There are 2 protein chains.
Amino acid sequence: MLALVDTCQATATARGRLCACLEPPALGRLRAIAADERLAAGEVLFAPGQPAQSLYGVRQGAVMLVRTLGDGRRQVLSFLFPGDVFGFEPDAVHSCSAIALRRSGFCRFPLAGLDEDLQLAVRLHAVACACLAEGLEHMLRLGRMTAAERVAGFFYRLWVRLDRPAELHLPMRLLDVADHLGLRMETVCRHLAALRRAGVVGPLGPDGDLPVLDPEALRRR
Amino acid sequence: MLALVDTCQATATARGRLCACLEPPALGRLRAIAADERLAAGEVLFAPGQPAQSLYGVRQGAVMLVRTLGDGRRQVLSFLFPGDVFGFEPDAVHSCSAIALRRSGFCRFPLAGLDEDLQLAVRLHAVACACLAEGLEHMLRLGRMTAAERVAGFFYRLWVRLDRPAELHLPMRLLDVADHLGLRMETVCRHLAALRRAGVVGPLGPDGDLPVLDPEALRRR
DNA sequence: CGATACATTGAGGAGGGTCAATCCGGGTGG
DNA sequence: CCACCCGGATTGACCCTCCTCAATGTATCG
């Protein structure tokens, strides 16, 4: 079980990481309660209405959190990568679904075990704050940025999050990106095509490979 | 100092309330560290870049949290009313401004005092989760709802939040509403006019009074 | 009585949505 | 091995919602 938490530690960004900044007692508790979980691409970790009894940390792979309206409208709340923690709910019930975008592995932390150590609780709050800030940031994008800005900004942030690779391996479909950015798939595709014509990115490969040629131009929007 | 926290308790919704569900020791600590703060309409409680050293609970009045882009684009992240808690930041610096919409009073809770009691820390996390969920909800609106839905939904939620009064007293300008909903003021005004023509709301008074004639129609969108 | 601040309304334009056709690569089954 | 199919990406044409700009209304305040 030790390896579970340590894997998180190795791959995570410091900010969203649950096990960061913990001293032996809290870390020990975290290790004691962590459970392993694995999902294949497309599988659902939890769905709306299900009881929310754990937090999850992504170890490998990629996940998205999705809310769906009755009439089929979808909002992808976030894409999550190794080190990210998710599953926060104000009530004891999930309000969105978590869907693996590829074969993924998770640390599962039962909520019951998280409320009994002060340092752990404080850390938990810090991680929740990071999620909250992330959400507010995205609110600004959805409310006040143009389609071009959203698309370029999205790929820039993804590129940074994935350690600035020469080639981005998108685990999600363009439809998912569109549902994240509050746009239509066609709109995302068009703006991506514009970036390609401008020499900012290369052609999108069939397996989701996207060469990033000019990250600076992406950042500038 | 006792009265401060108790005032929160009296007026707050259970969910976002910091002092809810606390037993004497934690409640005592909360009371011990709570400080009073008052602002006139339009005054700024904190601004981006300022050190974030406290959480705040609204006691009376109304506040909005605002993020502004360099080019003047604004996103109102949330409107806050008695009982709401705000000031969560992942870093020790504020990322948005808090602006009083009218004469308002706050409980100020220094962060330093919040990290030392387990029950308090757990409660803090619960409140942060509630904020987070609120944010995700709004993300869905910004990303996937039409202007008409956003406007109607906004006034419906405000009406519920303010205890379903016959007449809504809007503390904010239409411009603020627009910047909250990712719309233009004119668009908000037009859809509000449509609701008026449909007999769902009455005419908007000069001091922000808005009779709510058919809440059910508002809820239906 | 102007001046200010905000709400309201109209006319016109643009950005993004909608619908539909086509492409493309990979899998499947004959 | 190849024809077929399928999911997703791409592109085009058209349309509608919302934005933009501008004029007008209205209440408050000096």
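Fair warning: this is a prediction, and the values are worked out from it, not measured in the lab. Letters go in sequence order (proteins before strands), and every chain restarts at 1.
- Between R67(A) and C96(A), the closest heavy-atom pair is CG-CB, 3.6 Å.
- The interatomic distance linking L192(A) (CG) with dG16(C) (C1') rounds to 16 Å, in whole Å.
- The two residues T187(B) and A147(B) have their closest heavy-atom pair at CG2-CB, 3.9 Å.
- Between the CD atom of E149(B) and the P atom of dT17(D) there is a distance of 12 Å, given to the nearest Å.
- Regarding L174(A), its CG atom lies at a distance of 17 Å from the P atom of dG16(C), rounded to whole Å.
- For the pair E137(B) and R157(B), the salt-bridge criterion is not met [side-chain N within less than 4.0 Å of a carboxylate O].
- Counting to the nearest Å, the P atom of dT18(C) and the CG atom of D71(A) are 11 Å from each other.
- Closest to the side chain of R173(A), from the set dG17(C), dT9(C), dA9(D), is dA9(D).
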- Message: Please convert DNA chain C into dot-bracket. A pair counts if it is Watson-Crick or G-U wobble with both distances under 3.5 Å; crossing pairs go in [ ] and bases paired with another strand get |.
- Response: ||||||||||||||||||||||||||||||
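- Under the 6.0 Å cut-off for aromatic ring centres, F86(A) and F79(A) do not qualify, their centroids lying 6.0 Å or more apart.
- Here T187(A) reaches the OP1 or OP2 of dG17(C): one of its side-chain N or O atoms lies under 4.0 Å away.
- Looking at V200(A) and E216(A), their side chains never come closer than 4.5 Å, going by heavy atoms from C-beta outward.
- Contact check, H191(B) against dT17(D): no side-chain N or O comes under 4.0 Å of OP1 or OP2.
- Atom CE of M185(B) and atom C1' of dC21(D) are 12 Å apart (whole Å).
- Contacts with DNA chain D (heavy atom under 4.0 Å) in residues 194-214 of chain B: P206(B), listed by number.
- The side chain of E186(A) lies closest to dC19(C), out of dT8(C), dC19(C), dT20(D).
- The 5' end of DNA chain C is approached more closely, in terms of each residue's nearest nucleotide, by L175(B) than by the other of L175(B) and R190(B).
- When the shell of 6.0 Å around CZ of R73(A) is examined, it contains more than 12 heavy atoms from other residues, nucleotides or ligands.
- Contact of the V63(B) side chain with the L45(B) side chain is not registered, since no non-hydrogen atoms from C-beta on lie closer than 4.5 Å.
- The interatomic distance linking R184(A) (CZ) with dC18(D) (P) rounds to 12 Å, in whole Å.
- Under the 4.5 Å side-chain criterion, counting only non-hydrogen atoms from C-beta, D209(B) is not in contact with L204(B).
- Residues L69(B) and M145(A) come closest through the heavy atom pair CD2-CE, 4.3 Å.
- For the pair L181(A) CG and dG15(C) C1', the computed distance is 16 Å after rounding to whole Å.
- Each of dG16(C), dA7(C), dC19(D) was ranked by its minimum atom distance to the side chain of L183(B); first place goes to dC19(D).
- Checking C189(A) against R144(A), the closest nucleotide of DNA chain D that is more toward the 5' end is the one next to C189(A).
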